[in-house]
Amino acid sequence: MPDLRLVIFDVDGTLVDSQVMIYDAFAFAYERAGLPVPDRDAALSYVGMSLEKIFPALSPDQDAATHAALTQGYRDAYFHIRQARGSNATSPFFPGAREVLDAYHAQDWTLLGVATGKSTRGLDKLIEGHGLDGYFVSRQTADDHPSKPNPSMIHAILSQTGVPAEKAVMIGDTTFDMDMGRAAGAKTIGVSWGYHPAETLRPDILIDDFTALPDAVDQLIGPVQ
């Protein structure tokens, strides 16, 4: 019997391209609070962190009450945008992502997990909208853990699956994902198409296309036997 291996995905910027919806939600939150909307690149650079961490970092001159209002404004906007447009329109898969997920889902000895800064509600809606029910054996969100890069999410996935860290790989688009993976003792694969510049990621392997992912995973944590 081959050893189980664990492939953990970030979501926004890694599996799905949700940047338009995310920035629209940022803009709504700031406009509702009567504040200037931040630069697009600056706002998107914080994607992956928990919302409660993003707004103090993005607007450090504002007080805690304003940060809380911005957080709620973002959540309200995100929910309504997704309801109005649907997951396929607001968070489409990056090219090749669905095919890779389908292939891994069909492998008995490859387990899939999610470690995301999204809320549980947001992740559940995305999984429902894309027909991914049953794909991920562990779904860890910002609702239950400290913000990335704290390794708490990966520790939880390892505990739930019983897979050792050396047989796990974290796949993400930000330094938060890579730092989280390293802190948990997992291997790391960075993707070049996400929210952080590729040269900042420092992963074990960097890929430029989803077609390169299976070979990278095999190289780091072993192929399916």
For residues [X] and [Y], determine if any side-chain heavy atom of one lies less than 4.5 Å from a side-chain heavy atom of the other.
X	Y	answer
S147	F176	no
D10	D173	yes
D17	W193	no
F136	I8	no

Any side-chain donor paired with an acceptor under 3.5 Å for [X] and [Y]?
X	Y	result
Y78	K118	yes
T110	Q107	yes
T90	R85	no
T120	T141	yes
S152	H145	yes

Is it true that [X] and [Y] make a salt bridge, defined as a side-chain N closer than 4.0 Å to a carboxylate O?
X	Y	result
K148	D179	no
D124	R121	no
R5	D218	yes

Centroid separation F55 to F26 less than 6.0 Å |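 Under 6.0 Å, so yes.
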Looking at F94 versus F210, is the centre-to-centre ring distance below 6.0 Å? no
message = Run the side chain to side chain contact (heavy atoms under 4.5 Å, CB included) test against Q72 and tell me which residues pass, sequence neighbours left out.
response =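 Per chain and number, Q72 pairs via side chain to side chain contact (heavy atoms under 4.5 Å, CB included) with R32, R75, D76.
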request  = Please list, chain by chain and in numerical order, all residues satisfying side chain to side chain contact (heavy atoms under 4.5 Å, CB included) with A68, sequence neighbours excluded.
outcome  =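 With neighbours one apart ignored, the set is empty.
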Using a 3.5 Å distance criterion without hydrogens, assess whether the side chain of [X] forms a donor-acceptor pair with backbone atoms of [Y].
X	Y	answer
T14	V11	no
K187	L220	no
S50	K53	no
H67	E52	no
T161	I157	yes
D12	S18	no
D143	S119	no

Looking at L58 and P38, what are the two nearest heavy atoms and their distance?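 What the structure gives for the nearest pair is CD2-CG, 3.9 Å.
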Take V169 and L6 through the side-chain contact (heavy atoms from CB on, under 4.5 Å) test and state the conclusion after the steps. CA-CA 6 Å; V169 60; L6 178 61; over 6 Å; no
Report yes or no: is the cationic atom of R40 (NZ for Lys, CZ for Arg) under 6.0 Å from the centre of the six-membered ring of Y23, at an angle within 45° of the ring normal?
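Yes, a cation-pi geometry holds between R40 and Y23.
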